[in-house]
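Take a look at the structure set out below.
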Amino acid sequence: MGQPTATPDSVNSLTVHDNRTGKVYNIPIVDNSIPATAFKTIQAPRAPGEREENETEKGLRVSDKGFLNTAVLRSEITFIDGDAGILRYRGYPIEQLALHSSHLETAYLLIYGSLPTKPQFKIFETEVLHHGVTHADAEQFCRSFRYDAHPMAILTSAFAYLGSYYGEANPSLQGQSLYTRGNAASLEIMDKQIYRLIGKATTLAAMAYRVRQGREFVTPPTGLSYTGSFLYQMDHLGEENYTPNPILEKALDVLFLLHADHEMNASSTTVLQTGSSLVDPYSAIAAGCASLYGPLHGGANEAVIRMLISIGKPENVPAFLEAVKKREKVLSGFGHRVYKTSDPRSFIVRKTADEVFKITGKDELLETAMALHAAAMKDEYFIKRKLAPNVDFWSGLIYRAMGFPLDFFPVLFAVPRVVGWLAHWRQMMLQEGGVKIWRPRQIYVGASKRDYVPIDERVAVEGLRKGPSAISHSG
Ligand code: CMC
């Protein structure tokens, strides 16, 4: 056994014995994590037959497809215990926030770290609502989409488009330390973009809705809450004294709060990955929005309703579950990378659904959803894999009951998630030691070095995935 190459705290360390070389390495454990870079010091000469691309002399690589166990940063924002079904924003249990707070107050908490005092909240709320108005050209931009464009395509594009208006907020134009200096001037520029992005998220979302409905756009109102203003911008059709139904407004606000953040999910990671190049926040948020749109993430609420419609009625649930078990179908709204028990948000959504149904009447798909939920929860396949309902299982039913079109559901996830994306982006910009560009590694398993072959001497490589498809053209 070789000598340890380092002697850190012997308890808080991991001893690794490299059987290739006989060397022993002590790797420090900090906050129950080990630095992946420490493995770079574990080097070995190339063994006979080993591919040069494995680069054994350059140190051991850590492979983690899908980030199953890789902590990409230190964060003070959100904590999840997936086994116990716990979710806390900045230490506050999600249940308490859903009961007592509002989406905008929670936004302040997530972004700045503590609950605001009355005057602090007033300033924040005023700034966010004040920044709801978009440039008049945004109307033209939204109208340039086809009548049947998916609203997520409009929203994703609109965030990137928005950035083109704010040259003063763009590190590519103003210098790359625009957001990383952390002084008063830099923080002020950062906060202004935060107000703009949260404020305009509802406006752009409402525009994406109205353009598809053939409605004129409305200017964001004054005197309403963030969620109330959103409902106004969606719904208002020239009525005098329009006010949104307070129960529906509250329900949507709770749903917004529940969706505001969820630590290192796919879209937040995308925002950070994109932001790590120090690009402007509008481009980073547009990237996050695109990531959220996928059916495994924010598109799941839409997928749940499409699934329930396809099942049709409770009698068809057993056949559907059989198809899921044969992997012919996916039970959307079930399962989660982190939660191995019910998602704590799903209980609050379920309760909120009952409040909404008192106003709107029950959704005809509710019975099918309940039958599906009950059957899956006692089915061995789902129990064994610890698959339980996530936040999206019930949320779509509320959105449907409230009259939102099906393809608008992911937008209702994206708008509140802007808050979480910004909280993570801000934290990364201000982190100690500056921003490190996110540049993961790969395990190269492709061809080893080979020489170029002139076209006339090549032998065709056959196979379904080995070349471009032949497309059939029509029309
Ligand atoms: N239906 C059927 N089987 C499932 C499901 C599901 N919804 N989810 C996971 N499984 C199975 C999966 O096939 C695998 O089985 P096996 O071990 O036999 O191969 C096992 O359970 C483990 O699943 P996994 O795919 O390794 O889990 P993951 O952590 O990679 O994926 C997930 C998590 C959310 C993408 C997945 O559970 C899923 O596709 N769920 C449906 C989509 C959905 O509801 N997404 C919303 C997530 S919550 C809101 C958000 O944060 O966006």
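Just so you know, ligand 1 is whichever comes first in the structure, and atom 1 is the first atom listed for that ligand.
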| Distance flag for atom 24 (P) of ligand 1, protein heavy atom under 4.0 Å | no
| Which of the atoms in ligand 1, numbered in the order shown and given with their element, are less than 4.0 Å from a heavy-atom of Gly333? | 43 (C), 44 (O)
| ligand 1 contact by Phe393, heavy-atom criterion under 4.0 angstrom | no
| Backbone or side chain, does any N or O of Phe334 fall under 3.5 Å from an N or O of ligand 1? | yes
| query | Measuring from Tyr339:OH to Ile80:CD1, what's the distance to the nearest 0.5 Å? | reply | 4.5 Å
| request: Measure from atom 27 (O) of ligand 1 to the protein's non-hydrogen atoms and state whether any distance is below 4.0 Å. | output: no
| Short check: is a protein heavy atom less than 4.0 Å from atom 48 (S) of ligand 1? | yes
| Can you tell me if Lys329 uses its side chain to pair, donor with acceptor, with the backbone of Lys325 under 3.5 Å? | no
| request: Using a 4.0 Å heavy-atom cut-off, say whether Asn265 meets ligand 1 through its side chain, its backbone, both or neither. | output: neither
| Side chain, backbone, both or neither: which part of Leu292 has a heavy atom under 4.0 Å from ligand 1? | neither
| For atom 17 (O) of ligand 1, what is the nearest protein heavy atom, given as residue, atom name and distance? | Arg385 NE, 4.0 Å
| remark: Here the salt bridge (charged side-chain N to carboxylate O under 4.0 Å, His left out) pairs for residues 62-89, sequence neighbours left out, are Asp31-Arg74
| task | Specify whether the nearest protein heavy atom to atom 31 (O) of ligand 1 is under 4.0 angstrom away. | result | no
| said: Under 4.0 Å, heavy-atom basis, I'd like to know which part of Asp343 is in contact with ligand 1: side chain, backbone, both or neither. | reply: neither
| query | side chain to side chain donor-acceptor pair (under 3.5 Å): which pairs involve residues 418-427, sequence neighbours left out? | reply | Ser75-Gln427, Asp261-His424, Ser267-Trp421
